[in-house]
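Input: a single structure, listed below in structure tokens.
None of these values were measured; they are calculated from a predicted model. Remember, it's 1-based here, ligands and their atoms both numbered in the order they're listed.
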Amino acid sequence: MSSKVSLTRYLVEQQRIDGHIPAQLRLLLEVVARACKGISMAVGKGALGDILGSADSENVQGEMQKKLDIIANEVLIEANEWGGHLAAMASEEMEAIYVVPNRYPQGEYLLLFDPLDGSSNIDVNVSIGTIFSVLLKPEGAGVSEQDFLQAGTQQVAAGYCVYGPQTTLVLTVGDGVAMFTLDRERGSFVLTSEHVQIPKDTKEFAINMSNMRHWDTPVKRYIDECLQGVEGPREKDFNMRWIASMVADVHRILTRGGVFMYPWDKREPEKPGKLRLLYEANPMSWLIEQAGGAATNGQQRILDIKPGKLHERVSVFLGAKNEVERVTRYHSER
Ligand code: AHG
Ligand code: MN
Ligand code: MN
């Protein structure tokens, strides 16, 4: 790349050339990026800041919150509530939606986020991230939880920021996937990859193998065939990775390919999966599709699911198109 393109310039050009980013959406994405920069700085402090360890509270998911879950949530709210671009926000860490307070102007967008993804990795200094999804508020007065219950196909922007050895913001506004690396000296995100594409085939899968005995038959079949390697029906050896931060696993897949699975399992059979549809699966599925991959829940395209509730969970199979189609087919063949 001859001259450095900042996130701001990328967004201005998207607005100018393609005309499909209204000014308010551009502002929103800049604000989210600024919040991610703030979270990245907090993450970087580690044991030197008061950011590690448990907050000794539970979120609506029944999961123990880490200090950083709460800090990241606050950073995102504080950055986004006053700009006039949002009507309301929803977060993994908040049971109800957060309506922009009356003292600020209300905009037409809805922002959903998983403020800190991969919480179990915070204290052990392994990559973590923030995931976000942007929707347009349906016409009508006021804003309610119902307004957030839109299929993933309705997203107008989606992305994540991974806090790893580098801090990288990955974004789609429906025109492919672009990656921006945080230049820590300049304090700005710089475009480092554009039109990211995932190979249709892969030899690398990501799943938490410790849950194998709880899986459903199609998932067992798929993984068992991978594990048989060159001697098995797949006739090739597979490698495995599991970071336990969806952000980091998806980032690896967007960078070098692969397939990611977090299926329904028998530990909590009443739940359709572990991951949340609106602020984990939907934004990641759109990014993956924009990069030429696929994302299903084993039965249908994730982006087509009409959500029934804000914190709805879903099974997730995403990444290399042919692998996702295969494991989805196994679900229909049983
Ligand atoms: P979160 O930290 O936001 O609750 O999400 C964690 C998710 C996801 O990032 C990851 O893929 C998965 O949980 C890891 O789950 P296991 O610990 O069950 O492997
Ligand atoms: Mn998460
Ligand atoms: Mn989280």
Side-chain angles (χ1 to χ4, degrees), residues 32 35-36 39 42-43 51-55 57-77 89-95 111-133 158-164 170 204-215 219 223 240-254 258-268 271-285 287-288 295 297 302 310-319:
V32 168
C36 289
I39 298 169
V43 168
I51 62 137
L52 301 183
S54 169
S57 51
E58 235 180 46
N59 67 9
V60 60
Q61 333 277 338
E63 297 160 348
M64 284 309 289
Q65 290 177 305
K66 296 282 173 69
K67 282 183 192 159
L68 205 56
D69 288 320
I70 293 171
I71 294 168
N73 194 57
E74 282 169 2
V75 169
L76 280 155
I77 289 174
M89 298 176 240
S91 162
E92 178 189 328
E93 305 303 337
M94 298 188 293
E95 180 160 13
L111 175 64
L112 301 91
F113 45 83
D114 174 356
L116 208 291
D117 176 66
S119 300
S120 70
N121 284 326
I122 297 169
D123 293 353
V124 291
N125 199 1
V126 172
S127 294
I128 48 184
T130 297
I131 311 173
F132 61 92
S133 164
Y160 64 81
C161 189
V162 56
Y163 314 114
V170 178
E204 191 163 74
F205 65 83
I207 193 166
N208 186 336
M209 292 286 289
S210 68
N211 297 324
M212 186 181 242
R213 69 190 185 285
H214 306 296
W215 294 339
V219 182
I223 295 296
M240 192 203 86
R241 286 287 184 275
W242 183 250
I243 302 174
S245 297
M246 187 194 203
V247 160
D249 279 312
V250 167
H251 192 65
R252 184 189 60 257
I253 290 170
L254 285 172
V259 61
F260 169 96
M261 284 160 276
Y262 210 119
W264 169 91
D265 67 44
K266 292 181 191 129
R267 284 174 299 168
E268 292 183 283
K271 288 186 185 162
K274 174 178 184 184
L275 299 174
R276 278 60 51 123
L277 175 61
L278 285 168
Y279 41 81
E280 290 181 315
N282 271 345
M284 292 312 205
S285 298
L287 286 165
I288 291 287
N297 66 353
I302 286 177
L310 193 60
H311 298 287
E312 181 164 326
R313 294 173 188 259
V314 66
S315 282
V316 175
F317 302 87
L318 61 76

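Ion pairing between R276 and E63 holds under the 4.0 Å rule for side-chain N and carboxylate O. Taking a cutoff of 4.0 Å between a charged side-chain nitrogen and a carboxylate oxygen, E204 and R252 qualify as a salt bridge.
Classification of the W242-F260 ring pair by plane angle, with boundaries at 30° and 60°, yields parallel.
Residue contacts with ligand 1 for R276 involve side-chain atoms from C-beta outward but no N, CA, C or O (heavy atoms, distance under 4.0 Å). At a heavy-atom cutoff of 4.0 Å, ligand 1 is contacted by both the backbone and the side chain of D117. Under 4.0 angstrom from ligand 1, there are no non-hydrogen atoms of Q61.
Its N, O or S atom nearest to the Mn ion (ligand 2) is what matters here, and for D117 that atom is OD1. No other N/O/S atom of E92 lies as close to the Mn ion (ligand 3) as OE1 does.
Between the H311 side chain and the E95 main chain, a donor and an acceptor come within less than 3.5 Å of each other.
In summary, no N, O or S atom of D69 is located under 2.8 Å from the Mn ion (ligand 3). Inclusion of E280 in the first shell of the Mn ion (ligand 2) is supported: an N, O or S atom falls under 2.8 Å.
Of the N or O atoms in S245, none lie within a sub-3.5 Å distance of an N or O in ligand 1. Between L275 and ligand 1, no pair of N/O atoms sits closer than 3.5 Å. The N/O atoms of E92, backbone and side chain alike, include one that comes under 3.5 Å of an N/O atom in ligand 1. Checking only distances, M246 does come within under 3.5 Å of ligand 1, N or O to N or O. Where the criterion is an N or O separation shorter than 3.5 Å, residue side chain and backbone included, S119 meets it with respect to ligand 1. Some N or O of W242 is nearer than 3.5 Å to an N or O of ligand 1, by distance alone.
Between L116 atom O and D114 atom OD1, the angle centred on the Mn ion (ligand 3) amounts to 90° (nearest 10°).
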Verdict with supporting geometry, S245 and D117, side-chain hydrogen bond (donor to acceptor under 3.5 Å, both in side chains): CA-CA 6 Å; S245 297; D117 176 66; 5.0 Å; no

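Side chains of Q65 and N59: no donor on one and acceptor on the other come within 3.5 Å.
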